[in-house]
K.L.:
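First the structure, which I've put down as structure tokens, then a few questions once you've had a look.
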Number of protein chains: 2
Amino acid sequence: MSEQEAANALAETKIGDAPNDGDNAKDEDVVDPWTVHSASDTGVDYDKLIVRFGSSKIDDALIQRMEAVIKRPVHHLIRRGLFFSQRDMHTVLDHYEKGIPFYLYTGRGPSSEAMHLGHLVPFIVTKWLQDVFDVPLVVQLTDDEKFLWKDLTVDETHRLAYENAKDIIACGFDEDKTFIFSDYDYIGSSPSFYKTMCRIQKLVTFNQVKGIFGFDESTCIGKISFPAIQAAPSFSCAFPQIFNNKPTIPCLIPCAIDQDPYFRMTRDVAPRLGLPKPALLHSKFFPALQGPRSKMSASEPNSSIFLTDTPKQIKTKVNKYAFSGGRDTVEEHRKLGGNCDVDVSYQYLRFFLEDDEKLEKIRQDYTSGELLTGHLKAELIGILQKLIAEHQERRAKVTDEVVQRFMKVRKLKYNY
Amino acid sequence: MSEQEAANALAETKIGDAPNDGDNAKDEDVVDPWTVHSASDTGVDYDKLIVRFGSSKIDDALIQRMEAVIKRPVHHLIRRGLFFSQRDMHTVLDHYEKGIPFYLYTGRGPSSEAMHLGHLVPFIVTKWLQDVFDVPLVVQLTDDEKFLWKDLTVDETHRLAYENAKDIIACGFDEDKTFIFSDYDYIGSSPSFYKTMCRIQKLVTFNQVKGIFGFDESTCIGKISFPAIQAAPSFSCAFPQIFNNKPTIPCLIPCAIDQDPYFRMTRDVAPRLGLPKPALLHSKFFPALQGPRSKMSASEPNSSIFLTDTPKQIKTKVNKYAFSGGRDTVEEHRKLGGNCDVDVSYQYLRFFLEDDEKLEKIRQDYTSGELLTGHLKAELIGILQKLIAEHQERRAKVTDEVVQRFMKVRKLKYNY
């Protein structure tokens, strides 16, 4: 399927998922930047999504090639298929082998102070990629987007961008290699970024954003033109200070799969701008404690583990809310075994327990019925308490001055 | 008629004027920011336009009040009805009487180096208003708009903005009171401007810009969101450096009537932003040499007098192309008299011959048949040769350094 066909298919899916539609609609997952709705207890059907979006699977051949090129194992989030889909990743590896420079771009929409575990996932892999490839990283904080979509003021979303920047910096990014920016601030300080936006906006019609994003005639004009703002950082001409005015340095974007519509659009306009298409690495969604059919939300503290949670909160939430794949009684569980595919503690362990052998042992023993859910929860609680405590420790060291340094418009350590 | 009704009426008119429509359409003038089409040899029916747009006539009572307040005669372009329509001009005078500060905002779309006489008209009255009221002026050069609408590159429209700035400065604006800006540069250097754009873009839907500007689903998203960019300078919060961060300093916009759709939209969103509605002064259109049914165009050098024309070109163009309201033969003319309503030389004299008595004498003598078209043309040629030569002399003194000074983001001489 071409990208355009995939875009059309997505549009059709969204129409199909409208209320009062036929039965087929109920069987389809909905995945776009604002809605992730899974039709099944095991979550979104990611194989179907790859076909619908027209991306490629991260298969064994790609992983083997990556490991050969970078001369080390890939990150466990990639190895375990939690990053599952990609576009042009082989081209990125070609570039790396030939010594052609590229850069990383990811982002966050600052709609709340309360970032949760799931928000960390793209940043964890982004940091790993930065360490492995030694390339510049730009991080877009779309405060303008959150103002347009949410019932928040300009000032509040701007403030949240700076708060969220602290959590992102606490992931361990290298200050010499990383530019974090608020859209308000950077658009308001870079004619090159605004010009790149304009060039994209000239090439995309209302019909196209309607098809890709489901906008309609009552959508505000800010939302309608926003996709160009998320597209712009995919092109190095948006950052002349970093890329020494070279407009065609290629870009790799690690992100959750729901952001792909923006980059399908970006890849569609790139050749018409004479610029390289960005490559992508897509992650699966991090499930809510209650399971993948439930929604994680900052306004529902028990829906996830937040980066601000205390050890006690983490313990209580996991014990009380993490959906169990175990059986109704211990006897039944011992006999029939637990279901890892729906057990949220096991799913979380896949994200955060790094030891492959230990994870596989847990999987086998839980599936056979030897381990009870309580064991998985205890394991997870220990890991998350440590991970969150360490994050909080690093975040406490991120002063306003540190944030200012990361967000200053400047050259990075690279010479292009 | 309310402004919303007027906006709807305009949208209907535009639909009515589409090709293959009924007979009624042919009788309607089309006036929007991209099309001015007059159904009659005498030009647009401005009285009808006032009704359709929902603005108010600049009537004798207003002119008398203006003269009383400013303690001098109004400019002849206002006195002669060449500025004919307004919104909230009485409020502006109220402010002035009470010592409440306000500012002026006008603009230009830099689509060509070749500015013509008609382009000068709003700037002439803007300069007069600046002199009379002693207020700050912001001049927006919409290089982004021209990139979106024309087959021009970003760099070319940006360059044209600086070229056009020289002609605008040559109108005699006071450097201490005037900020001229390119959208690329100023959006790219002012988070406050971009935030103001976002606040407007959140309040305007596709349906609204479709109704006001005639956009459709194949319109690019840049054009769809552009009206917010032309609206933003109507609010003092877009210029914190000039207005000392005061967001509610009122604004008066002198412009040609075809720009009114932007400001109807602006006035619609202003109360929802908690900001004052901009007031307006609207000019009539400056006719092409061939008459008001013909189009002035930079690509048709004989359609108008350009600011770069030589004395010889001016003479040749007026003599050869200025549409005459005279009769077919001298005998007939002496008997029946000329028609000032369609004679382009007379129309141009109304714009540029300052002496009321002399103009009235010409009108009477031409109407009676005493004067031939050649006399009017000779009079006009003399005036335009002087006006253009003086403009060229002033423009030659506008160095790049002078342009940089006018276009620098800075305080003006006022203390707010």
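Below, chain A is the first sequence line, B the second, and so on; all start at residue 1. From a predicted model like this one, the values you see are computed outputs, not experimental measurements.
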K.L.:
Which one, A/Val154, A/Leu203, A/Asp144, A/Val204, leads in non-hydrogen pairs under 4.5 Å with chain B?
P.N.:
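Among A/Val154, A/Leu203, A/Asp144, A/Val204, the one with the most close pairs to chain B is A/Val204.
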K.L.:
Contact part of B/Phe147 toward chain A, heavy-atom cut-off under 4.5 Å: side chain, backbone, both or neither?
P.N.:
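For B/Phe147, backbone and side chain are both near chain A.
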K.L.:
Report the option among B/Ala228, B/Ser190, B/Cys220, B/Pro227 that has the most heavy-atom pairs separated by less than 4.5 Å from atoms of chain A.
P.N.:
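Of the options given, most contacts go to B/Cys220.
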K.L.:
Assess the pair A/Phe206 and B/Phe215: is the distance between their ring centroids shorter than 6.0 Å?
P.N.:
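Between A/Phe206 and B/Phe215, the centre distance exceeds or equals 6.0 Å.
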K.L.:
Only counting residues at least two apart or in another chain, list the ones meeting salt bridge (Lys or Arg N to Asp or Glu O under 4.0 Å) with B/Asp143.
P.N.:
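B/Asp143 satisfies salt bridge (Lys or Arg N to Asp or Glu O under 4.0 Å) with no residue once adjacent residues are dropped.
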K.L.:
In Å and rounded to the nearest 0.5 Å, what is the OG to CE distance from A/Ser225 to B/Met197?
P.N.:
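So the gap between those two atoms works out to 7.5 Å.
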K.L.:
How long is the gap from NZ on A/Lys223 to CD1 on B/Ile224, to the nearest 0.5 Å?
P.N.:
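Here the rounded value is 15.0 Å.
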K.L.:
State which residues pass side-chain contact (heavy atoms from CB on, under 4.5 Å) with A/Asn207; sequence neighbours excluded, sorted by chain then number.
P.N.:
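Checked A/Asn207 against side-chain contact (heavy atoms from CB on, under 4.5 Å); matches are A/Thr205, A/Lys210, B/Glu217.
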K.L.:
A/Phe226: what forms a ring pair (Phe, Tyr, Trp, His ring centres under 6.0 Å) with it, not counting sequence neighbours?
P.N.:
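In terms of ring pair (Phe, Tyr, Trp, His ring centres under 6.0 Å), with neighbours along the sequence ignored, A/Phe226 is linked to A/Trp149, A/Tyr262.
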K.L.:
Are more than 12 heavy atoms, taken from residues, nucleotides or ligands other than B/Lys150, located less than 6.0 Å from that residue's NZ atom?
P.N.:
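No, not enclosed.
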K.L.:
For each of A/Asp155, A/Ile200, A/Thr219, tally heavy-atom pairs with chain B at distances under 4.5 Å, and name the one with the top tally.
P.N.:
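Most pairs with chain B among the choices: A/Thr219.
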K.L.:
Restricting to non-hydrogen atoms, name the atom on B/Gly188 and the atom on A/Pro191 that form the minimum distance, rounded to 0.1 Å.
P.N.:
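Of all heavy-atom pairs spanning B/Gly188 and A/Pro191, the closest is O-CD, 3.3 Å.
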K.L.:
Counting a contact as any heavy-atom pair under 4.5 Å apart, which residues of residues 178-187 of chain A contact chain B?
P.N.:
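Listed by number, the contacting residues are A/Asp183, A/Tyr184, A/Asp185, A/Ile187.
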K.L.:
Answer with side chain, backbone, both or neither: which region of A/Tyr194 has an atom nearer than 4.5 Å to a non-hydrogen atom of chain B?
P.N.:
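For A/Tyr194, side-chain heavy atoms alone lie under 4.5 Å from chain B.
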